[in-house]
Amino acid sequence: MEAYFDNNATTRMDERVLETMLPFFKDVFANPSSLHRKGQEANVHMEKSREKICEILGIEPLELVFTASGTESNNLAIRGAVKAYKKRGNHIITSRIEHPAVLTTIKELEKEGYEVSYIDVDTNGTLDIEQLKKEIRETTILVSIMHANNETGVIQPIAEIGKIVKEKGIIFHVDAVQTVGKLEVKPKEMGVDLLTFSGHKFYGPKGVGALFIKMGTRLTKVLTGGHQERKRRPGTHNVPGIVGMAKALELCEMERKEDYKREKELRDYFEEEMLKRVPEIVLNGKEADRLPGTSSVTFKYLEGESILLRLDFKGIAVSSGSACSSDDLKASHVLLAMEIPIEFAHGTIRFSLGKYNTKEEVDYALEVIPPVIEGLRNMSPLWNEFINK
Ligand SMILES: *Cc1c(COP(=O)(O)O)cnc(C)c1O
């Protein structure tokens, strides 16, 4: 049996999305910026896709820019905003638990001379809003806070933060890569100026993302080139990707409530059974508002990588720490920010369920995991020290 529990890293594309995309690799292949009929035909489909996405998010077509990924959208939002508002100040506020696409971008800007405040989270992974309020200065030009965390699934109170940030007239960016398609996301109702999302996290294609840019928000471009996307993001449009992303979002929107319920039931069942079957584990962020399918489990006294490899051998795909950092063996910055001791952070596995996961797969995992953990712990000096205490 095989079970893919790594849906926060990427999802399997929906068949209906693939079907929708195919003509745009073949017949409708022209460049949508070309003035001939073939180009204009592609352009019409692209703009229909833009309208579809905007309708779901409650925004205007002029407020959406297509990019090549969530990473690129985050770069465009953050670099573009701080450059455009440079005269106003040089201070940026973000959290300690952001995705590397935000965190490393802001770290680069810090090297270039911007000042940065990193806001803490509590042990459940929720942002310290009082600290955020205190950190706001005259020179603050950008606040960037993620909607849901990719490692723990913990959701931040974006509307509440948006209210505070907008009262001060500061630009508010939200990395919503983990929530668009899964939750109802309406940037304008949450006081957000810039919002990032990415097709492959919600059963759409890889290599296509978007950035919501609220009307009136200034943004300096990051890439230089042609005039596409109203000069905000040059480069020939990925028409199949854009059409696919719109279809994927439309399907998610239609099926969102049922998918949410099913995923949450499966995840909750998984966690309840894990607590019964495996001793000395911690479910990270369990008390917080969380995504329905994410379960971050700390197996005390073990290394996450060894668990990951054993589960992989049994056909179960999971990730340790965040997928993006699973090749460097540093402990997750997200778990450390939640004050999980470093030795326990190392023993953490993320199970991220999606709409294609079944009860059978979860039961299979529940059968496989306890003996894997027991076997590894029997070889673990830390575990033996613990039980002989
Ligand atoms: C996956 C992810 C990204 C990066 O998106 P890509 O499209 O893979 O570049 C950014 N932020 C979060 C929260 C993510 O989960």
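Note that ligands are numbered from 1 as they come in the structure, with each ligand's atoms numbered from 1 the same way. Worth knowing before you read on, the calculation uses all heavy atoms, side chains too, and leaves out hydrogens, waters and symmetry mates. Position 1 is the first residue of the sequence; numbering continues from there.
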| task | Output yes when Lys48 and Glu51 qualify as a salt bridge under the 4.0 Å nitrogen-oxygen rule, no when they do not. | result | no

| Does an N or O from Gly70, backbone or side chain, lie closer than 3.5 Å to an N or O of ligand 1? | yes

| query | Is there at least one pair of N or O atoms, one from Asn150 and one from ligand 1, spaced under 3.5 Å apart? | reply | no

| field | Quiz item: cation-pi between Arg218 and Tyr85, 6.0 Å / 45° | value | yes

| query | Out of His99, Gln178, His147, whose heavy atom is nearest to atom 3 (C) of ligand 1? | reply | His99

| Which ligand 1 atoms are under 4.0 Å away from a heavy-atom of Ser69? | 7 (O), 9 (O)

| said: Would Lys188 and Phe212 count as a cation-pi pair here, with the cationic atom under 6.0 angstrom from the ring centre and within 45° of the axis? | reply: no

| Partners of Lys314 by side chain to side chain contact (heavy atoms under 4.5 Å, CB included), sequence neighbours excluded? | Tyr364, Val368

| said: Does ligand 1 come near enough to Thr71 that some N or O of the ligand is less than 3.5 Å from an N or O of the residue? | reply: yes

| query | Taking non-hydrogen atoms only, is Glu72 closer than 4.0 angstrom to ligand 1 via side chain, backbone, both or neither? | reply | neither

| request: Could you tell me the separation between the CE atom of Met46 and the NE2 atom of His237, rounded to the nearest 0.5 Å? | output: 4.0 Å

| task | Please confirm whether Lys206 comes under 4.0 Å of ligand 1, counting heavy atoms of the residue only. | result | no

| message | Please list, in number order, the atoms of ligand 1 under 4.0 Å from a heavy atom of Val177. | response | 1 (C), 2 (C), 3 (C), 10 (C), 11 (N), 12 (C), 14 (C), 15 (O)

| Worked check of salt bridge (Lys or Arg N to Asp or Glu O under 4.0 Å) between Asp259 and Lys182 | CA-CA 8 Å; Asp259 288 344; Lys182 294 179 195 158; over 6 Å; no

| said: So if I count the atoms of ligand 1 from 1 in the order they appear, which ones are less than 4.0 Å from some heavy atom of Met146? | reply: 13 (C)

| note | A student comparing Ser198, Ser352, Gly199 should find that the heavy atom closest to atom 7 (O) of ligand 1 comes from Ser198

| query | Is any NZ, NE, NH1 or NH2 atom of the basic residue among Arg137 and Glu115 found under 4.0 Å from an Asp or Glu carboxylate oxygen of the other? | reply | yes

| ligand 1 atoms in contact with Lys201 (distance to a heavy atom under 4.0 Å) | 1 (C), 2 (C), 3 (C), 14 (C), 15 (O)

| query | When rounded to the nearest 0.5 angstrom, what distance separates CG in Leu311 from CD1 in Ile316? | reply | 5.5 Å

